[in-house]
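Report on the following structure.
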2 protein chains.
Amino acid sequence: MASPKRDRLLNCARHLFETEGFHTTGIDRILEEAGVAKMTLYNNFGSKDMLIVAVLNRASDDMLQKLEGTVSHLNDPYEQILGIFDALAGWYSSEDFCGCMFQAAVAEFPDPESEPAMAARRHLMRLTELFLDMTRRAELNDAETLASMLAMIASGANCTARQIRTQTPALHARQIAEILLERACSRRLSPDNPIRPQATKLQTL
Amino acid sequence: MASPKRDRLLNCARHLFETEGFHTTGIDRILEEAGVAKMTLYNNFGSKDMLIVAVLNRASDDMLQKLEGTVSHLNDPYEQILGIFDALAGWYSSEDFCGCMFQAAVAEFPDPESEPAMAARRHLMRLTELFLDMTRRAELNDAETLASMLAMIASGANCTARQIRTQTPALHARQIAEILLERACSRRLSPDNPIRPQATKLQTL
DNA sequence: AGTAGAATAGACCAACTGGTCTGTTTATTT
DNA sequence: AAATAAACAGACCAGTTGGTCTATTCTACT
């Protein structure tokens with residue numbers, strides 16, 4: 001399954017798709033960049049669309065693995081949730097940030113039944129599940145709603161960051177998340193006595 | 001400036017771009033749908049990209065006009081802000097909703113300097129300004145931060161709605177907005193007891 | 001050493017891309 | 001009625017698209 005040529009293909013394709021879009025980057029560009037013959041592509045993936053799907057799936061795996069990695073260093077699920085948004089901040093301020101590929105995919109393949117669109121949807125579900133796992137462990141009420149809200153906020157941050165290319169959206173998103181968490185927490189207890197005395201140290205990146 | 005042919009062209013192009021994407025819909029499709037000669041397009045717009053820009057600008061005008069319309073029926077700026085999210089809910093549940101065109105544009109034109117990308121960015125700014133006007137009139141503190149947060153939440157709702165095609169994202173967004181407003185309000189009422197003062201200090205758009 | 005499978009280059013394909021040019025017809029204005 | 005401008009159909013363009021096919025070379029296992 002995993003050959004070096006296949007890997008090169010996936011990496012180059014991913015980079016080109018990210019920076020120049022799916023439709024605008026032709027197959028030949030990818031082949032040239034990867035230094036690979038055309039038949040290698042078609043033997044491994046079958047079609048351009050399936051290459052795209054493979055790229056999206058791998059990107060999804062990478063991102064979730066990375067997020068779970070950064071999150072695993074934090075013990076409290078509350079901190080873990082906020083950690084996700086810190087990770088976003090780091091991502092946005094990286095030199096070569098050019099937007100979330102899944103949002104691009106969903107935009108470039110408007111047919112919801114198309115394979116790339118479905119791959120993107122799958123990624124969103126995985127991300128929501130990740131949040132759900134954390135909100136559940138944090139024992140907040142309405143964990144489901146809260147999880148999809150957090151996912152939505154993250155999407156909004158992604159979307160805005162693509163436009164303004166600052167880490168600000170991630171900081172804003174983190175603040176909102178903090179407020180939602182605090183609320184979901186205090187609502188669970190007595191309204192006048194929030195359990196989390198918040199003076200969370202703010203990231204200074 | 002406004003000829004009937006030009007209008008047909010804009011309308012058909014908009015519909016096709018919305019439903020099938022910018023790159024995938026060829027000029028000939030648009031011309032056929034609009035029943036218009038090729039030279040009419042090039043005389044009026046100069047190029048496909050400029051047609052796209054014209055479509056985006058008109059869509060931006062339409063949307064802002066519509067939003068300002070629905071908002072003008074509400075007297076309280078607080079209600080007006082929430083009214084925006086109600087409008088989103090209505091949009092998402094409409095039969096032919098297929099996602100926000102500006103997000104699609106920004107995804108299909110990754111070069112931030114390209115005309116369509118700039119048009120999309122302009123729209124985001126107008127929307128943020130609309131929010132800012134309302135948060136200012138509501139006399140909430142940190143109106144700027146709040147406005148860009150609201151715009152970001154709206155983006156997130158748009159983005160999520162494109163994926164799951166329900167009005168749920170708008171409802172969630174509205175709830176979040178409500179919470180933020182409530183908070184920005186109570187902070188105003190007790191300025192001597194600011195919640196998380198470092199958090200607000202950081203923000204600069 | 002021999003052989004099977006992977007990878008190669010590159011010719012080739014029909015379809016389509018955005019865009020130009022021409023010559024004619026239709027409306028509008030004077 | 002004449003003149004001006006807009007819109008027309010459609011031929012035409014070079015370049016590109018995703019994809020196929022062939023014939024050859026490389027590489028790894030038995």
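Computed from a predicted model, the values in this text were never measured in an experiment.
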Original post:
Pick from Thr160(B), Asn158(B), Thr168(B): which one makes a side chain to side chain donor-acceptor pair (under 3.5 Å) with Tyr92(B)?
Top reply: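 So, applying the side chain to side chain donor-acceptor pair (under 3.5 Å) to Tyr92(B) and each of Thr160(B), Asn158(B), Thr168(B), only Asn158(B) qualifies.
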
Specify the separation, in whole Å, of atom [atom1] of [X] and atom [atom2] of [N].
{"X": "Ile27(B)", "N": "dC13(D)", "atom1": "CD1", "atom2": "P", "value": "19 Å"}
{"X": "Glu32(B)", "N": "dG18(C)", "atom1": "CD", "atom2": "P", "value": "14 Å"}
{"X": "Phe45(B)", "N": "dG19(C)", "atom1": "CZ", "atom2": "P", "value": "13 Å"}
{"X": "Leu16(A)", "N": "dT17(D)", "atom1": "CG", "atom2": "P", "value": "12 Å"}
{"X": "Ile30(A)", "N": "dT16(D)", "atom1": "CD1", "atom2": "P", "value": "16 Å"}
{"X": "Asp28(B)", "N": "dA11(D)", "atom1": "CG", "atom2": "P", "value": "13 Å"}
{"X": "Leu41(B)", "N": "dG19(C)", "atom1": "CG", "atom2": "P", "value": "9 Å"}
{"X": "Leu9(B)", "N": "dA6(D)", "atom1": "CG", "atom2": "P", "value": "16 Å"}

Original post:
Among side-chain atoms of Thr145(A) and Asp142(A), is any donor-acceptor pair under 3.5 angstrom?
Top reply: yes

Original post:
Is the backbone of Phe131(B) close enough, under 3.5 Å, to the side chain of Arg136(B) for a donor and an acceptor to pair up by distance?
Top reply: no

Original post:
Would a distance-only check, ignoring hydrogens and angles, find a side-chain to backbone donor-acceptor pair under 3.5 Å from His123(B) to Leu56(B)?
Top reply: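 No; judged by distance alone, with no hydrogens or angles, the pair does not exist.
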
Grab the N/O contacts between the protein and nucleotides 4-10 of chain C below 3.5 Å, and write none if there aren't any.
residue: dA7(C); atom: OP1; partner: Ser3(A); partner atom: OG; Å: 3.4
residue: dT8(C); atom: OP1; partner: Lys5(A); partner atom: NZ; Å: 2.8
residue: dT8(C); atom: OP2; partner: Ala37(A); partner atom: N; Å: 3.1
residue: dT8(C); atom: OP2; partner: Thr40(A); partner atom: OG1; Å: 2.4

**OP:** Would you name the heavy atoms of Ala117(B) and Asp111(B) that are closest together and state the gap between them?
**Re:** CB-O, 3.4 Å

Original post:
Looking at Cys159(B) and Gln103(A), what are the two nearest heavy atoms and their distance?
Top reply: SG-NE2, 3.3 Å

Subject >> Pairing of Lys66(B) and Asp61(B) as salt bridge, 4.0 angstrom limit >> reply: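 A salt bridge is absent here (no side-chain N lies under 4.0 Å from a carboxylate O).
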
Original post:
Would Asp133(A) and Arg137(A) pass as an ion pair if we require N to O under 4.0 Å?
Top reply: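 Yes, charged N to carboxylate O under 4.0 Å.
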
**OP:** For His23(B), look at atom NE2 and say whether over 12 heavy atoms of other residues, nucleotides or ligands are found less than 6.0 Å away.
**Re:** yes

Between protein and nucleotides 23-27 of chain D, what N or O pairs are separated by less than 3.5 Å?
none

